[in-house]
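A short write-up of the structure that comes next.
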Amino acid sequence: MRDRYEPAEIEAAAQQEWAAAGTFAVREDASRPKYYCLCMFPYPSGKLHMGHVRNYTIGDVLSRYMRMQGCNVLQPMGWDAFGLPAENAAIENGVAPAKWTRDNIAHMKRQLQSLGFGIDWSRELATCDPDYYRWNQWLFLRMLERGIAYKTTGTVNWDPVDQTVLANEQVIDGRGWRTGAPVERREIPMYYLRITQYAEELLGALDRLDEWPERVRTMQANWIGRSEGVNAAFPYRIDGHDGALRVFTTRADTIMGTTFVAVAAEHPLAELAAQRDAQVRAFVDDCRRSSVMEADLATLEKKGVATGLAVRHPLSGAAIPVWVGNYVLMAYGEGAVMGVPGHDERDFAFAKKYGLPILPVIDVEGRPYSTDAWQPWYSDHGRCVNSGAYDGLDYAAAVDAIARDLEAGGLGRKQVVWRLRDWGISRQRYWGCPIPIIHCPACGDVPVPDADLPVRLPEDLVPDGTGNPLAKSKAFVECRCPKCGVEAQRETDTMDTFVDSSWYFFRFACAGNDRAMVDGRAAYWMPVDQYIGGIEHAILHLLYARFWTRVMRDCGLTAVDEPFRRLLTQGMVLNEIWFRKPASGRIVYYHPSEVAEGKLKADGQAVESGGMGTMSKSRRNGVDPQQLVDRYGADTARLFMMSNVPPEHTFEWSDEGVEGAFRFMKRLWKAVHAHVQGGHAGRPDVATLDAGQRALRRLVHQTLAKVGDDIGRRRMFNTAIAAVMELYNALAASADRSPQGRAVMQEALEGVVLMLSPFVPHATQAMWRALGRDSLLVDERWPAADEAALAQDTSTIVVQVNGKLRGRIDVPVDAAESDVREAALADPSVAKFVAGQPVRKFVYVPGKLVNVVV
RNA sequence: GCCCCGGUGGCGAAACUGGUAGACGCUACGGACUUAAAAUCCGUUGGCCGCAAGGCCAUGCAGGUUCGACUCCUGCCCGGGGCACCA
């Protein structure tokens with residue numbers, strides 16, 4: 001063993017040894033428990049970023065830990081390789097997305113390998129490989145057959161200059177990011193997946209995902225958004241046509257307080273009114289120009305316009321005016337709402353603004369009502385008033401009675417409504433999985449026969465920002481109808497990239513099968529035992545994957561309902577943001593390393609601080625992991641990313657923290673070196689240890705128990721590392737060089753090496769050898785804590801008087817409460833604060849604490 | 001706007017099931033070694049009062065429950081994530 005810690009050399013040697021032994025290639029093995037540890041696969045954006053390092057280090061620590069627990073561990077890796085950035089790079093540099101993507105993959109793969117992750121690379125996949133995406137197409141066709149996939153129109157952002165559809169991200173302040181032209185909404189035909197058909201199951205099953213973070217389950221439940229309410233019809237006769245305006249409400253008990261109804265701009269009644277009234281036309285057109293993003297819609301000033309039309313109240317028969325409101329969402333419920341200004345805050349504000357009547361119909365006991373100003377309790381449940389036959393009923397009774405009466409009149413019923421919408425998967429983009437449909441002038445939309453799959457994406461096209469290159473490629477578009485053989489056109493839309501990431505975990509388990517989407521190997525490995533990825537995926541990706549898995553189940557491809565048994569949502573990695581905003585033009589960002597004390601190093605002038613934000617290319621605040629590995633080694637990079645912060649928290653980058661981790665590695669290396677220089681050390685004779693040796697040995701075994709628990713149960717890698725550092729500090733303070741002392745030290749250092757091996761696998765392998773052990777450390781078992789070593793004769797009890805810490809007493813571990821009480825009251829400091837007052841209460845927490853209440 | 005999460009020293013944090021607030025690391029300061037610096041090692045490091053022993057205050061803010069609250073409850077303030085075409 002060298003006396004200096006040389007990570008480059010050590011890490012190369014360890015990685016070669018693993019490669020030579022095929023350490024991380026796994027296959028199905030019924031004799032051991034399987035453990036499938038999966039990290040969300042990366043988008044190949046160019047270089048690894050710190051979020052990746054954090055994500056994959058967490059996965060690798062858990063994989064290596066579970067391997068030490070005796071599990072057959074699968075840890076695969078692949079590439080979420082389709083997506084918008086490849087097209088943007090193409091527009092900027094003129095390089096084909098395929099080449100750009102594959103070059104990035106090659107580079108990032110080398111980076112991952114240099115970090116020493118225990119990945120089974122034989123299972124690597126990229127979603128842009130036809131061998132992968134053909135199964136997207138294949139299952140899509142099964143969905144069409146089952147009516148899960150269907151076609152209808154959807155709304156997109158349209159850039160009128162580039163004649164192209166824009167992603168939400170490409171719309172900045174209502175304008176196209178490249179052209180600056182005001183974006184328009186367009187209705188185009190799109191394919192949808194009927195995820196709403198699974199809404200009930202997706203919601204109900206959340207209860208059984210008890211190893212998912214509570215907050216993710218809550219977010220998903222709210223996203224799916226089950227609402228129980230009443231669907232009510234407001235009949236009308238307009239231009240001699242009879243009809244009914246349908247609304248959905250969760251507050252049917254307030255229906256007698258309806259003083260207007262509001263419809264979305266896209267609602268048929270709005271369109272009807274617009275045809276008759278120029279003002280309505282202008283308002284509706286204005287609404288259609290606004291953003292399609294919900295966050296934008298929800299923050300708009302609430303505006304409306306009267307249509308001049310009226311509907312009849314379904315119970316009272318009163319005439320109710322119809323308004324168009326910019327806050328009414330066509331996609332939720334019926335695209336129309338009943339306006340009850342008396343008991344809905346938004347309706348109240350709307351009524352005030354437009355002079356509509358406010359009619360209180362609920363009495364909340366003990367609370368006054370005045371139409372002058374909104375009060376929070378106006379929307380509370382209460383008893384009906386001013387509601388005719390319903391007066392005096394509480395919420396549940398009123399809803400029941402009103403639903404019954406509506407139903408009797410054929411004007412309504414109870415209804416469950418979901419916030420969840422069907423999943424639109426059509427993208428008017430090149431770099432994605434082609435949708436396997438052929439448009440035939442005679443037969444209509446014809447599915448591509450299975451035998452013709454995959455529909456290959458041509459890889460030589462270079463997008464230029466105008467339209468979809470696929471649509472311009474004759475070679476791709478022109479084809480024959482599979483049914484009748486006439487000239488036909490291929491669908492040029494591609495699939496949402498969320499499709500690619502909705503089932504890749506199945507494919508890892510049965511890599512290389514070119515005859516089926518999945519096989520029996522997937523049955524062995526699935527479900528994923530531990531899934532790890534960013535909290536930003538808490539809703540969409542995870543929900544789509546849960547949905548897709550159920551579709552596969554219903555197609556007979558798997559018996560699994562839930563793809564991910566346990567979920568860890570890692571926090572984001574943040575760094576400082578620095579920028580300048582020129583009077584005209586775009587914001588310019590500067591990397592934190594270019595800035596010192598708020599000034600740009602290059603010109604000495606001030607730059608603005610954007611605080612801490614996620615590391616991103618666009619904000620130029622990423623830290624390149626490669627530099628970290630080159631300078632300190634992979635082990636230090638891994639140790640640093642796992643230290644100091646629990647994995648679920650946001651991680652704030654700090655250069656000094658890296659130095660700290662590196663120092664610890666050097667210190668530990670030296671300690672092992674110094675110990676080994678003293679020659680062979682035997683096993684401790686536990687019967688003859690002195691008090692100091694027993695205490696040190698107890699700490700070793702306490703730490704073993706704690707670290708195992710921190711990794712295995714709590715996923716608190718930061719406290720696991722802290723506990724090992726604490727143990728190291730105690731070892732470093734020990735000056736016992738007796739044979740027994742050295743034997744305890746040998747046991748302790750072996751324990752430290754084993755405990756740290758999931759975090760810093762290269763250096764610990766070298767130390768393991770230095771300590772005289774010949775095996776591959778990855779194949780060792782996690783050591784169980786020795787119960788005998790943990791035993792203690794006395795315990796220290798904290799003594800409080802009136803809840804304040806006043807003293808500590810040492811008592812035998814098996815002391816009776818009366819003895820503890822006596823000892824506590826005898827403590828001089830305690831006696832001082834009790835000062836002869838009678839003890840009103842004596843609280844005793846055995847082995848821990850007493851509280852004397854006087 | 002809506003949904004979710006978080007807020008503890010100079011900084012990142014720990015305190016797991018309501019029971020010793022600040023483990024561990026970083027920074028800063030002091031010291032040792034050195035011709036010097038770096039590296040390394042040792043010590044101090046929540047605030048206030050005190051020579052000390054010790055005491056008081058303190059977990060975003062304002063209340064509440066409890067023998068006891070960082071932890072539970074109510075309201076507020078601030079920060080982060082998501083909002084369906086970034087992945």
Side-chain angles (χ1 to χ4, degrees), chain A residues 40 42-43 45 80 82-85 88 154 156-157 165-171 213-216 218-223 225 292-300 302 327 331 346 419-429 496-498 501 534-541 543-544 569 571-572 574 611-614 616 618 640 643-646 648-652 654-661 663-664 666-667 670 709-710 713-714 716 718-719 721-726 729 796-805 808 829 840-843 845 848-854:
Chain A
M40 290 183 187
Y43 178 79
S45 54
D80 190 11
F82 277 136
L84 210 47
N88 296 336
V156 294
N157 304 302
V165 175
L166 297 176
N168 284 340
E169 186 188 56
Q170 298 171 315
V171 180
E214 188 65 45
R215 64 165 155 160
V216 175
T218 307
M219 280 191 273
Q220 290 222 348
N222 290 335
W223 184 263
V292 299
M293 284 178 264
E294 191 190 321
D296 291 342
L297 288 173
T299 48
L300 282 179
K302 308 288 173 282
Y327 61 94
R346 196 175 51 187
R419 210 188 73 95
L420 183 68
R421 307 202 293 262
D422 278 341
W423 176 14
I425 59 157
S426 293
R427 297 291 179 271
Q428 298 67 45
R429 279 187 238 300
D496 181 4
T497 56
F498 274 124
S501 54
I535 181 66
E536 69 273 19
H537 295 291
I539 296 176
L540 290 178
H541 161 59
L543 193 61
Y544 290 146
T569 51
M572 320 267 282
L574 311 186
M612 297 295 279
T614 56
S616 76
S618 60
F640 171 57
S643 304
N644 306 326
V645 186
E648 312 235 36
H649 281 207
T650 55
F651 185 103
E652 294 183 17
S654 112
D655 291 331
E656 295 79 14
V658 184
E659 289 284 349
R663 266 201 295 272
F664 177 74
K666 286 191 288 190
R667 277 200 291 255
K670 268 196 202 164
D709 188 51
D710 279 353
R713 178 180 63 93
R714 302 175 64 208
M716 289 282 283
N718 55 324
T719 55
I721 292 167
V724 178
M725 287 181 170
E726 222 175 326
N729 290 341
T796 303
I797 305 250
V798 164
V799 185
Q800 298 180 332
V801 179
N802 288 345
K804 288 203 174 193
L805 176 68
R808 279 165 223 272
S829 167
R840 288 214 340 253
K841 192 166 181 179
F842 185 84
V843 181
V845 183
K848 268 201 157 165
L849 166 146
V850 301
N851 188 13
V852 184
V853 185
V854 297

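Since this is a predicted model, take the numbers as computed values, not measurements. Each chain gets a letter, A, B and so on, in the order its sequence line appears, and its residues count up from 1.
Among the protein residues, A/Q170 comes within range of no part of the nucleic acid, since none of its heavy atoms lies under 4.0 Å from any strand. Using a 4.0 Å heavy-atom distance criterion, A/N644 is classed as a base contact. Residue A/T299 is classed as a base contact, given a heavy-atom separation below 4.0 Å to a base. At the heavy-atom level, A/S643 lies nowhere under 4.0 Å from the strands shown. Backbone-only contact: A/L84 has heavy atoms under 4.0 Å from sugar-phosphate atoms and none from a base. Contact annotation for A/T796: no contact, since no heavy-atom pair falls under 4.0 Å across all strands. Residue contacts shown for A/E536 include a base, since a base heavy atom lies under 4.0 Å away. At a threshold of 4.0 angstrom between heavy atoms, the contacts of A/R427 include nucleobase atoms, whether or not backbone atoms are also involved. When heavy atoms are screened at a 4.0 angstrom cut-off, A/A295 is found touching base atoms of the nucleic acid. Within the 4.0 angstrom heavy-atom criterion, base atoms lie near A/V156.
Residue A/R713 has its side chain nearest to B/C16 when only B/U40, B/C16, B/U20 are considered. Picking from B/C83, B/G80, B/A39 the nucleotide with the shortest atom distance to the side chain of A/W223 gives B/C83. Of all nucleotides listed (B/C86, B/C41, B/C24), B/C41 comes nearest to the side chain of A/R667. The side chain of A/V645 lies closest to B/G12, out of B/G12, B/U20, B/G81. When distances are taken from the side chain of A/M716 to each of B/G1, B/A15, B/A84, the shortest belongs to B/A15. When distances are taken from the side chain of A/K670 to each of B/A87, B/U40, B/A84, the shortest belongs to B/U40. Nearest to the side-chain atoms of A/K666 among the listed nucleotides B/U40, B/A87, B/C24 stands B/U40. Closest contact between the side chain of A/H537 and the listed nucleotides B/U20, B/A87, B/U40 involves B/A87.
The distance from atom CG of A/D496 to atom CG of A/L540, rounded to the nearest 0.5 Å, is 9.0 Å. The line from CD of A/Q428 to CG of A/L166 is 10.5 Å long, rounded to the nearest 0.5 Å. Atom CE of A/M572 is separated from atom OG1 of A/T569 by 11.5 Å, given to the nearest 0.5 angstrom. With values rounded to the nearest 0.5 angstrom, A/E536 atom CD is found 10.5 Å from A/H541 atom NE2.
For A/F651 and B/G80, the CZ to C1' distance is 17 Å, given to the nearest whole Å. Note: CD1 (A/I539) to P (B/A87) measures 17 Å, nearest angstrom. Put simply, CD on A/E294 is 10 Å from P on B/C83, counting in whole angstrom units. Protein atom CG of A/L543 is 21 Å distant from nucleotide atom P of B/G81, rounded to whole Å. Residue A/M293 contributes atom CE, which lies 18 Å from atom C1' of B/C3 at whole-angstrom precision. The separation between A/K804 atom NZ and B/G19 atom P is 19 Å, rounded to whole Å. For the pair A/N222 CG and B/C2 P, the interatomic distance rounds to 13 Å; values are reported in whole Å. Between A/I535 atom CD1 and B/G79 atom C1' there is a gap of 16 Å when expressed in whole angstrom units.
In terms of the ring pair (Phe, Tyr, Trp, His ring centres under 6.0 Å) criterion, residue partners of A/F640 (sequence neighbours excluded) are, by chain and number, A/F651, A/W653. Checked against ring pair (Phe, Tyr, Trp, His ring centres under 6.0 Å), A/W223 has no partners two or more places apart in sequence or in another chain. For A/Y544, the ring pair (Phe, Tyr, Trp, His ring centres under 6.0 Å) criterion is met by A/W423, A/F498, not counting sequence neighbours. Residues that satisfy the side-chain contact (heavy atoms from CB on, under 4.5 Å) test with A/T497, not counting sequence neighbours, are A/F82, A/D500.
Counting distance only, with no hydrogens placed and no angle test, the side-chain atoms of A/R808 and the base atoms of B/U20 include a donor-acceptor pair under 3.5 Å.
Across the P atoms, B/A28 and B/U20 are found 33 Å apart, a figure rounded to whole Å. Nucleotides B/C16 and B/C29, compared at atom C1', are 35 Å apart to the nearest Å. Separation of the P atoms belonging to B/U27 and B/U40 is 10 Å when rounded to the nearest angstrom. For the P atoms, the distance from B/G30 to B/A21 is 32 Å, rounded to whole Å. Nucleotides B/A58 and B/C70 have their P atoms positioned 10 Å apart, rounded to a whole Å. For B/G19 and B/C11, the P atoms lie 26 Å apart once the distance is rounded to whole Å. Only the P atoms considered, B/G63 is 12 Å distant from B/U59, to the nearest whole Å. Distance check on atom P: B/C48 versus B/A32 gives 28 Å, rounded to whole Å.
Under the 3.5 Å distance criterion, the side-chain polar atoms of A/N644 are left unmatched by any main-chain donor or acceptor of A/G657. With A/N851 contributing its side chain and A/G803 its backbone, the two residues share a donor-acceptor pair below 3.5 Å. The backbone N or O of A/A538 lies less than 3.5 Å from a partner atom in the side chain of A/Q220, making a donor-acceptor pair.
With a glycosidic angle further than 90° from 0, B/G6 counts as anti.
Base pairing in RNA chain B gives the following stems of 3 or more Watson-Crick or G-U pairs, range against range and under 3.5 Å: B:1-7 with B:77-83, B:10-12 with B:24-26, B:28-32 with B:40-44, B:46-49 with B:54-57, B:60-64 with B:72-76.
Checked by atom type, the side-chain pair A/D710/A/T719 shows a donor-acceptor distance below 3.5 Å.
Scanning all heavy atoms of the two residues, the minimum distance from A/Q170 to A/V165 falls at OE1-O, 4.2 Å.
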Quick one: what's the B/S/- string for nucleotides 63-77 of chain B, heavy-atom cutoff under 4.0 Å, read 5' to 3'?
-> ----BS---------
